Amino acid sequence: MRDRYGKLTVVSQTQVAKDSYELVLEGSTVGQMKEPGQFLHVRVDETEDLLLRRPISIANVDLAKQQVTMIYRAGGAGTKRLATYETGKSLNVMGPLGQGFPVDEANAGDVALLVGGGIGVPPLYYLAKQLVAKGVTVKSVLGFASKQDIFYEEAFRELGDVYVTTVDGSHGMKGFVTNAIDDKQLVSDVLYSCGPTPMLKVLTERYRGKRAFISLEERMGCGIGACFACVCAVEKGEAYEYRKICTDGPVFPVGEVVL
Amino acid sequence: MRDRYGKLTVVSQTQVAKDSYELVLEGSTVGQMKEPGQFLHVRVDETEDLLLRRPISIANVDLAKQQVTMIYRAGGAGTKRLATYETGKSLNVMGPLGQGFPVDEANAGDVALLVGGGIGVPPLYYLAKQLVAKGVTVKSVLGFASKQDIFYEEAFRELGDVYVTTVDGSHGMKGFVTNAIDDKQLVSDVLYSCGPTPMLKVLTERYRGKRAFISLEERMGCGIGACFACVCAVEKGEAYEYRKICTDGPVFPVGEVVL
Amino acid sequence: MDRLRVDLPGLKMKNPVMPASGCFGFGKEYAQFFNLNELGAIAIKATTPEPRFGNPTPRVAETKAGMLNAIGLQNPGLAGVIEKELPRFNDYDVPILANIAGSTMTDYIEVAARLSTEKNVHALELNISCPNVKQGGIAFGTVPETAAELTREVKAVSQVPVYVKLSPNVSDIVAMAKAVEHAGADGLSMINTLLGMRIDVKTRQPILANTYGGLSGPAIKPVALRMIHQVSQQVDIPIIGMGGIQSAQDVIEFLLAGASCVAVGTANFVDPYTCPTIIDELPQWLDELEMNTVTEIIGGSWKRCKTHSLSH
Amino acid sequence: MDRLRVDLPGLKMKNPVMPASGCFGFGKEYAQFFNLNELGAIAIKATTPEPRFGNPTPRVAETKAGMLNAIGLQNPGLAGVIEKELPRFNDYDVPILANIAGSTMTDYIEVAARLSTEKNVHALELNISCPNVKQGGIAFGTVPETAAELTREVKAVSQVPVYVKLSPNVSDIVAMAKAVEHAGADGLSMINTLLGMRIDVKTRQPILANTYGGLSGPAIKPVALRMIHQVSQQVDIPIIGMGGIQSAQDVIEFLLAGASCVAVGTANFVDPYTCPTIIDELPQWLDELEMNTVTEIIGGSWKRCKTHSLSH
Ligand SMILES: Cc1cc2nc3c(=O)[nH]c(=O)nc-3n(C[C@H](O)[C@H](O)[C@H](O)COP(=O)(O)OP(=O)(O)OC[C@H]3O[C@@H](n4cnc5c(N)ncnc54)[C@H](O)[C@@H]3O)c2cc1C
Ligand SMILES: Cc1cc2nc3c(=O)[nH]c(=O)nc-3n(C[C@H](O)[C@H](O)[C@H](O)COP(=O)(O)OP(=O)(O)OC[C@H]3O[C@@H](n4cnc5c(N)ncnc54)[C@H](O)[C@@H]3O)c2cc1C
Ligand SMILES: Cc1cc2nc3c(=O)[nH]c(=O)nc-3n(C[C@H](O)[C@H](O)[C@H](O)COP(=O)(O)O)c2cc1C
Ligand SMILES: Cc1cc2nc3c(=O)[nH]c(=O)nc-3n(C[C@H](O)[C@H](O)[C@H](O)COP(=O)(O)O)c2cc1C
Ligand code: FES
Ligand code: FES
């Protein structure tokens, strides 16, 4: 893990939607960031004011430039602090951590459906790039609350069909991602998803037993499996069986763990 | 007090000695900073990491430019934080606070002896300027630990005779300020002093009953007289009699309070 | 601004925010910054029968997100407070909560009897929990029976409602709260400071001359919230909540935990405008929470259904 | 590096720094970052007789300069620890302090009897103070007589020295410490977490699924120092000090307060290299303090004269 811990330098910080920022960082640990769906555990504050690290997904990587992109919503105290980091500042980052989306599960020629909700959209971008690179057809369904929350629509469109939904109908289709899947009758060989738990629950019911993978969120302490903050129960396991989202996840096959 | 509270902007931050910095700030509250020996209560951290304000003396003021200078030693966590403030940043400052050195007590033609020890030297500079402006002859005795700790020697020299002492003899006379006073047989009509308590104790014994004024230090909470953190006892007063260093001081006539 | 109003025994508050005892002197210092009438109430510094000098200095030390204090109840004494401090409030229209302390039960009774007859005193706050006073204080604060007895004695002589300020340095805060409620307390103030210390690694000695001091500020907020949450579900008297409050959002958290109003201590030192700023921001918070009045929020983290008025 | 050595019952430590129980799992995660042999000792996660799932999530929340946790003693159970976790330490030369917990006295005795016979267990740490376990734990932790009885029973079956981990959520920490010392404890660990809570103002509900959780991190350091300062002057057994330690300077403060060695908890999450960094920096601190060995510092804030070895 020594090669997954260190300082990264801020290359750019760009607001990409209301309260949402794209942060590009550069440094040697980026060399390890090959798997989409993994996350970084970010120290947002060098003092003890905000003590805990924040888990943020890898949204994109440029291995040649040793640059990684995160997209995050500045909602609470820590992400708001993160939004103040300017070009040139250095940021203490642990990662890549966890098990990402299994790119292997999609074969060249397969259709992969990527379903993202809000701030669950970012990790799907790096995934889409890798899938397209190996000849998988990517269709993306991206759900946001409102027009002002949308980011990366064009970026995804360069990689395949994109269906955007907004809860208030201010852009794209009005409704939820599942409405778009139904409406457009989107069929696929494999599903990858990240987003709010209610969305993942619906997808779990629909895709149970299929090739389908979801990425979960939970509040974390250590981020590396030592503190047991982030566990979830195993579906149909013994009462004490569990998975750690930080090390066994955040991506799990649909149906493996209890949502 | 509304006119003594607000944001000041950093004009410059300059290292003037080992661990010592000169910080120039600009803003409208500087208009109130007319009395030498008063202090500013500085919020060194906008977060809650370092909660308490730091009291720092006014070292110089340019009323025309609305600029105030502080000189401080970056010793602990807060002053080290302060040393990271760069030009253009704004700093939350309360002040001027407290009762400064009584310039009135020296008349044109008088000789005023200014005795400063270490980080007690800064407030004497603004005092020296005001005294010289009204025709008082200023002699300054400035004591430091070592050569590398000395600052503002030349600045004082422009205002009158200067005698520097260092404990290790690396510059000026070896020894303490009192050694210089004895050696040079410095006589004066009025004494003003600021520095470590042992030094002030010796001066108190020597100048008791004379026109002599000393500036005290104590850990503070509120800085405005509300919390009773900074009290000292009154010499020969009732057991419960006290003075607050933040509002009744920091400057007191020699012999008024117990050191 | 009736949305912010909170009516508590003796304290008809325009809004739920008061400065905490010991952190606001007797008001005159902060009156230089803003009009004290903006406040919901004012808790003034502890009064003891005789003038007290308090502890030797240093009396404060900084800790992460907090501070320690060991002032030692310095105050001008009962006569001094009545003659010099209380008359200042003649010009204001803001309820005063007079904090009282002492070394013996007789001390408390003496101060309570006299101070509660003052027209500028609307309620008493029994400081049974000051961790910085060597004798007295601490014992009252950690033994339910003694606290109850003190409450009963003070209630017997007081002309105004009595709030008991609880110490957090106890194994069972609910037992303490119930004991003083049973003894007739009209309300509770919680929490006082946690007992702590710092050591100067250079001198190798405690930073505070008193060795130990009371920990206050954001560091103790989670402990305060927990205790208020526990106690408010078990008593029928209102709670003045405090411990690390810095912002309007903190106030909401305390009200949700079960406090009926709040006191702001340490934050005044960081920003003298903390109280008025919070008061200004509260209506906006009510809007965001889709609440009409402050009283609807009280206990919202544990109440089943919204209550429309404060029953106690 | 003999300057850093500390010899405590069962724990021959190369240096006075160990990770705290529950904050380091069973070591394997941090072994990815540095060689565990660098540590003075390792306190492993609490073991209960049966595997436990623990509390529902969210299990952690952030507070100013601190965090709350309500893990709920999740662990693989006695058999799991013995079969899967302990053998990993075969490859290391570092003493293991095995934290044990349970809901009943029988639980503790069962785990103590069995775990203390394992070659990779050098001492036991009785967690009588976990604030997150609804039944059991807390009662042991706040009543001196019960804590003493538990200590006695565990001592009777344990093959290795027994440290009792005290809860800070008590009125009289000295009484607790003396009770367990009298009952035969070989050492004390202090402090465990303070019971606290946070409320999410948007959902109006407690952030932790368990409502309350244990407060750890820099916020609690002053409380830990105070308790260690009080207790170390009153007992003759060594104290493993913990609560908010982040740096070598913090370690010095704890040793001066009276701890014989320290444990680092929450700081591991902030910086996984906290322990080795502190260990690296300690010799420099000894130089600055003009001290030869770590043991000279112990209790330095209250001892009259320098002691050259640890008498207890
Ligand atoms: C594996 C993983 C990947 C994530 N990827 C992204 C991403 O790419 N972009 C993005 O915007 N967000 C992402 N999140 C959510 C992100 O971690 C939270 O939004 C963030 O931690 C909130 O911090 P804050 O400072 O805004 O809030 P605060 O309320 O100040 O946070 C307080 C504490 O709670 C934790 N916390 C609060 N909300 C969440 C949450 N929803 N999930 C986990 N921890 C939380 C914080 O980490 C912190 O420890 C991801 C979460 C996980 C677990
Ligand atoms: C009226 C007055 C004027 C002062 N003027 C100057 C000046 O011009 N230049 C200068 O360098 N210093 C001055 N000092 C001392 C200065 O306040 C302290 O050096 C500074 O507060 C230390 O803060 P820190 O962050 O370095 O230390 P920390 O140890 O992090 O401070 C922790 C807490 O202790 C307080 N504290 C620590 N040491 C002192 C001290 N010696 N005096 C008062 N409070 C202390 C801090 O204010 C803070 O609240 C003055 C003090 C007073 C009372
Ligand atoms: C400097 C200082 C002095 C205090 N003096 C008193 C006092 O005289 N009486 C009292 O009941 N509480 C006193 N307190 C406790 C506060 O009223 C309050 O309960 C505590 O500080 C927690 O609130 P805070 O975190 O907002 O400061 C004092 C606190 C501080 C910081
Ligand atoms: C996530 C977490 C889990 C913990 N689990 C245990 C435990 O299983 N047994 C125990 O005795 N203490 C446990 N503790 C308490 C720590 O060992 C330590 O006493 C406390 O956190 C104070 O130290 P710190 O401030 O350095 O974290 C836990 C603490 C945390 C933060
Ligand atoms: S965050 Fe610590 S185990 Fe997952
Ligand atoms: S610092 Fe508060 S009274 Fe002086």
Side-chain angles (χ1 to χ4, degrees), chain C residues 61 63-68 131 138 141-143 167-173 176 194-206 211-213 215 217-230 244 246 248-250 252-257 285 288-289 297 300-303, chain D residues 61 63-68 131 138 141-143 167-173 176 194-206 211-215 217-230 244 246 249-250 252-257 285 288-289 297 300-303:
Chain C
T63 72
K64 282 284 163 172
M67 66 175 281
L68 293 166
I138 198 77
T142 55
V143 183
S167 164
N169 303 296
V170 297
S171 310
D172 187 348
I173 192 74
M176 290 296 304
L194 284 163
L195 194 59
M197 89 178 292
R198 283 293 312 276
I199 295 171
D200 184 327
V201 295
K202 292 206 182 105
T203 64
R204 300 175 207 176
Q205 293 304 307
T211 306
Y212 307 136
L215 180 63
I220 70 168
K221 196 181 89 169
V223 176
L225 286 167
R226 183 263 297 183
M227 290 189 164
I228 291 165
H229 188 265
Q230 289 179 314
Q246 304 262 121
Q249 178 165 349
D250 288 340
I252 304 290
E253 220 175 316
F254 274 79
L255 297 174
L256 286 170
W285 272 96
E288 266 183 50
L289 294 168
I297 307 176
S301 67
W302 51 264
K303 281 194 184 142
Chain D
T63 71
K64 283 284 165 175
M67 67 175 281
L68 294 167
I138 199 78
T142 56
V143 183
S167 164
N169 303 294
V170 297
S171 310
D172 187 348
I173 192 74
M176 290 296 305
L194 284 164
L195 194 60
M197 90 179 291
R198 283 293 313 276
I199 295 171
D200 183 327
V201 294
K202 292 206 181 105
T203 64
R204 298 174 207 177
Q205 295 303 308
T211 307
Y212 306 137
L215 180 64
I220 69 168
K221 195 180 89 169
V223 176
L225 286 168
R226 182 265 296 182
M227 290 188 164
I228 291 165
H229 189 264
Q230 289 179 315
Q246 304 262 119
Q249 179 165 348
D250 288 339
I252 304 291
E253 221 176 317
F254 274 78
L255 296 175
L256 287 170
W285 273 96
E288 265 182 52
L289 294 167
I297 308 175
S301 68
W302 52 264
K303 282 194 183 142

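Note that the coordinates shown come from a computational prediction; the quantities given were computed from them, not determined experimentally. A note on names: the letters A, B, ... follow the listed sequences, proteins ahead of strands, and every chain is numbered from 1.
Here the side chains of His229(C) and Thr211(D) are in contact, with some heavy-atom distance below 4.5 Å.
Both the backbone and the side chain of Leu225(C) come within contact range of chain D, with heavy atoms under 4.5 Å apart.
Put simply, the side chain of Arg226(D) gets close to the backbone of Leu195(C): a donor and an acceptor are under 3.5 Å apart.
To the nearest 0.5 angstrom, Ile199(D) atom CD1 is 9.5 Å from Lys221(C) atom NZ. The distance from the CG atom of Leu256(D) to the CZ atom of Arg198(C) is 11.5 Å, given to the nearest 0.5 Å. Put simply, OG on Ser171(C) and CD1 on Ile173(D) are 9.0 Å apart, with the number rounded to the nearest 0.5 Å. Residue Leu289(C) holds its CG atom at 5.5 Å from CZ of Arg204(D), rounded to the nearest 0.5 Å.
Closest approach of Leu215(C) and Ala219(D) over heavy atoms only: CD2-O, 3.8 Å. Considering every non-hydrogen atom in both Ala65(C) and Ala65(D), the closest pair reads CB-CB, 3.8 Å.
In this view, Gln249(D) and Val201(C), Ser247(D), Trp285(D) satisfy the side chain to side chain contact (heavy atoms under 4.5 Å, CB included) rule, not counting sequence neighbours. For Trp302(C), the side chain to side chain donor-acceptor pair (under 3.5 Å) partners at least two apart in sequence or on another chain are Ser232(C).
Comparing Met227(D), Lys64(D), Glu288(D) by heavy-atom pairs within less than 4.5 Å of chain C, the highest count is held by Lys64(D).
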